Enquirer: 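Could you have a look at this structure, given as structure tokens, before my questions?
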Amino acid sequence: MTELKKISEYKWEVPQTGNMRVPGIVYANKSMIKALEKEGALKQVANVATLPGIVRASLAMPDIHQGYGFSIGGVAAFDWETGVISPGGVGYDINCGVRLATTHLEEKDIKTKVADLVNALYKNIPCGIGSKGSVKLSVKEEKKVLEQGSKWAVKEGFGENSDVDHTEDYGCMPNADPDIVSERALERGRKQLGTLGSGNHFLEIGVVEEIYDPEVARAFRLFEGQVTLMLHSGSRGFGYQVCDDFLAFMVKHARKLDFELPDRQLSCAMIQSEEGKRYFNAMACAANYAWANRQIMMHKSREVFMRTLEISPRDLGMTLLYDVCHNIAKKETHITEGKKQVVCVHRKGATRAFPAGHETVCDAYRTVGQPIIIPGDMGTASYVLVGTEKAMEETFGSTCHGAGRVLSRKAAKKASKGRAIYRELEDKGILVRWRGRNTMAEEMPDAYKDISQVIDVVHGAGISKKVAKLRPIGVVKG
DNA sequence: ATGTTC
């Protein structure tokens with residue numbers, strides 16, 4: 001059991017002990033802390049704090065739970081020259097992320113068409129484990145996807161240039177090197193572009209239920225009653241294979257490290273080593289794959305809306321608000337003790353939250369800050385937030401990524417026995433179509449933390465600010 | 001998350 005020291009209402013410290021080079025900082029409320037102290041995630045926060053080059057603190061967001069090596073909901077920045085990079089600090093689903101598109105439609109415009117829309121999305125966008133067949137790629141074209149990300153998708157007719165502008169990093173990490181990913185990863189990736197995947201991945205039709213910040217909402221073109229489309233997916237089998245390959249690769253080279261790993265799952269390499277560079281450049285390929293993947297699916301959804309509702313692109317007005325990644329490591333510059341420092345920020349189940357004025361925030365949002373998309377579970381709300389200066393000062397410009405699990409998949413299956421989850425959702429006005437036999441049980445709302453509490457913590461702590469709340473009305477699950 | 005154990 002790891003004990004926490006209270007710093008403020010929403011901020012708790014894991015005191016620096018043993019080999020920890022810095023303390024841990026957990027953003028949470030009192031009731032979350034009680035549950036956290038009983039499980040392994042805090043030990044993982046402490047373990048990360050022992051790694052070389054870690055700057056300031058090992059951070060955890062309120063949706064923290066135990067993951068592979070690093071906790072999910074964790075943020076850790078390592079000095080670019082003296083620090084490490086770790087596949088476990090990124091996660092298996094490299095550049096798993098969420099995007100939100102707004103439309104010109106209001107709920108009343110589609111009230112009688114929700115079932116048609118959900119059915120058409122389910123039919124036109126392959127989903128489920130092992131799903132394939134949305135876009136066919138030659139080996140040569142696949143390498144272009146890995147190098148170009150969203151830009152490749154738009155060039156091939158899947159979307160518009162403004163979609164690229166409204167994607168974190170413009171949907172492309174520039175250092176991607178397709179020649180260093182395995183044949184097996186390439187093989188798995190070739191058939192899966194434009195597919196949703198399974199588990200917590202989804203497509204969701206929503207309605208803007210509440211606006212908290214009218215000025216920022218205006219900049220984001222959000223209004224009450226507006227129909228939205230949210231998409232949660234990642235880099236599919238390709239990213240999984242890259243992660244798997246490099247975990248093995250780093251274990252093989254572990255004896256080159258001159259420090260002790262508290263957990264084998266934290267296998268890593270110095271950022272400046274050959275191994276570290278290789279992982280970083282392979283990870284970038286998977287990041288670009290994921291961006292192209294989400295771009296293609298959003299564009300196909302656009303076409304589904306136009307066909308199903310028999311309306312023009314102009315009347316639909318489906319525009320990408322923003323696309324965020326929540327499993328990634330990035331080279332960024334941050335201010336430490338008044339000085340600029342280049343760091344490798346690992347966000348695993350955490351979202352970038354850059355403030356107004358930051359040079360990486362696209363023109364459309366430069367004056368208000370970066371949009372942040374936070375999905376809840378499929379039975380409750382999702383949120384749009386905006387990045388803040390305080391996030392820059394405290395969390396390397398980072399915030400939470402979602403509700404966070406409270407029940408394991410197995411426990412959720414047990415808890416759902418004798419219940420028809422889809423029916424319970426239907427009674428709440430949410431129509432669901434799903435592929436996997438166990439998906440409804442494993443993803444039931446009871447399996448997740450209360451998203452409103454998670455949002456309260458990040459808003460209360462000031463590491464992002466509430467802009468709007470969305471209510472789901474139609475969901476496609478893998 | 002994941003052709004859920006090459």
Side-chain angles (χ1 to χ4, degrees), chain A residues 41 44 63-74 86-99 126-134 137 142 181-203 231-249 251-252 265 282-283 285-287 289-291 293-294 297 324-329 346-351 375 377-378 400-413 434-444 447-448 476-478:
Chain A
Q44 295 190 315
D63 47 343
I64 181 182
H65 53 113
Q66 199 170 339
Y68 184 93
F70 290 61
S71 67
I72 294 157
S86 172
V90 170
Y92 265 92
D93 192 1
I94 297 166
N95 191 8
C96 184
V98 206
R99 60 171 54 194
C127 67
I129 189 158
S131 50
K132 55 186 178 184
S134 177
L137 290 174
E142 185 184 21
V181 302
S182 67
E183 282 301 322
R184 198 161 160 198
L186 292 171
E187 174 66 25
R188 289 181 75 171
R190 208 156 65 236
K191 300 166 215 153
Q192 293 197 314
L193 196 64
T195 67
L196 189 65
S198 69
N200 63 9
H201 289 167
F202 64 80
L203 260 164
L231 166 56
H232 179 208
S233 186
S235 49
R236 311 287 290 106
F238 180 83
Y240 180 95
Q241 194 61 49
V242 169
C243 179
D244 219 33
D245 290 342
F246 277 87
L247 282 168
F249 177 71
V251 167
K252 205 171 122 191
Q265 295 188 350
M283 180 202 70
C285 291
Y289 186 99
W291 274 315
N293 191 34
R294 291 197 288 273
M297 285 189 280
V324 298
C325 23
H326 53 225
N327 276 15
I328 202 145
H346 292 62
R347 296 190 184 92
K348 181 185 186 181
T351 313
D377 62 75
M378 61 182 157
C400 63
H401 87 304
R405 270 195 176 273
V406 280
L407 296 181
S408 68
R409 285 175 189 195
K410 203 172 156 190
K413 249 163 91 173
W434 68 97
R435 174 76 69 181
R437 179 192 295 264
N438 299 320
T439 300
M440 275 300 105
E442 291 175 353
E443 293 295 317
M444 66 195 286
Y448 287 91
V476 174
K477 294 283 283 180

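Residue numbers begin at 1 in each chain, while the letters A, B, ... track the order of the sequences. Predicted, not measured: the structure shown is a model, and the values here were computed from it.
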Enquirer: So, using side chain to side chain contact (heavy atoms under 4.5 Å, CB included) as the criterion, who are the partners of A329(A) when residues are at least two apart?
Expert: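 Once residues adjacent in sequence are excluded, the partners of A329(A) under the side chain to side chain contact (heavy atoms under 4.5 Å, CB included) criterion are I85(A), V90(A), M283(A), C344(A), H346(A).
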Enquirer: R409(A) has an atom CZ; how far is it from atom P of dT4(B), in whole Å?
Expert: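 In whole Å, dT4(B) P lies 14 Å from R409(A) CZ.
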Enquirer: Starting at OH of Y92(A) and ending at P of dT4(B), how long is that distance when rounded to a whole Å?
Expert: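 Value for this atom pair: 12 Å.
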Enquirer: For E442(A), which contact category applies under a 4.0 Å heavy-atom criterion: base, sugar-phosphate, or nothing?
Expert: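 Result for E442(A) = nothing.
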Enquirer: Can a side chain N or O of S198(A) be found less than 4.0 Å away from OP1 or OP2 on dT2(B)?
Expert: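 Indeed, a polar side-chain atom of S198(A) lies that close.
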Enquirer: Would you check if the distance from the ring center of H232(A) to the ring center of H326(A) is below 6.0 Å?
Expert: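 Yes, the ring centres sit under 6.0 Å apart.
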Enquirer: Does T439(A) have any side chain to side chain contact (heavy atoms under 4.5 Å, CB included) partners at least two apart in sequence or in another chain, and if so, which?
Expert: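 Expected list: W434(A), E443(A), K477(A).
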Enquirer: Which whole-number value in Å describes the distance from K413(A) NZ to dT4(B) P?
Expert: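 To the nearest whole Å, that distance equals 15 Å.
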Enquirer: At under 4.0 Å between heavy atoms, what does R405(A) touch on the DNA or RNA strands: base, sugar-phosphate, or nothing?
Expert: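 Answer is nothing: R405(A) stays at 4.0 Å or more from every strand.
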Enquirer: Which whole-number value in Å describes the distance from Y68(A) OH to dT2(B) C1'?
Expert: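 To the nearest whole Å, that distance equals 14 Å.
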Enquirer: When all nucleic acid strands are considered with a 4.0 Å heavy-atom cut-off, which category describes G234(A): base, sugar-phosphate, or nothing?
Expert: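 Nothing, no nucleic acid heavy atom in range.
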Enquirer: Rounded to whole angstrom units, what separation is found between the CG atom of D245(A) and the C1' atom of dC6(B)?
Expert: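 So the CG-C1' distance, D245(A) to dC6(B), works out to 12 Å.
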Enquirer: Tell me: CG of N438(A) to C1' of dT4(B), nearest whole Å?
Expert: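 It is 11 Å, rounded to the nearest whole Å.
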Enquirer: I need the NZ-P distance between K132(A) and dT2(B), as an integer number of Å.
Expert: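 Value for this atom pair: 15 Å.
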Enquirer: Grab the CD-P distance between E443(A) and dT2(B) for me, whole Å please.
Expert: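 Distance check: E443(A) CD to dT2(B) P gives 11 Å.
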Enquirer: If you round to the nearest 0.5 Å, how far is OH of Y448(A) from CG of D63(A)?
Expert: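 Spacing of CG (D63(A)) from OH (Y448(A)) equals 11.5 Å.
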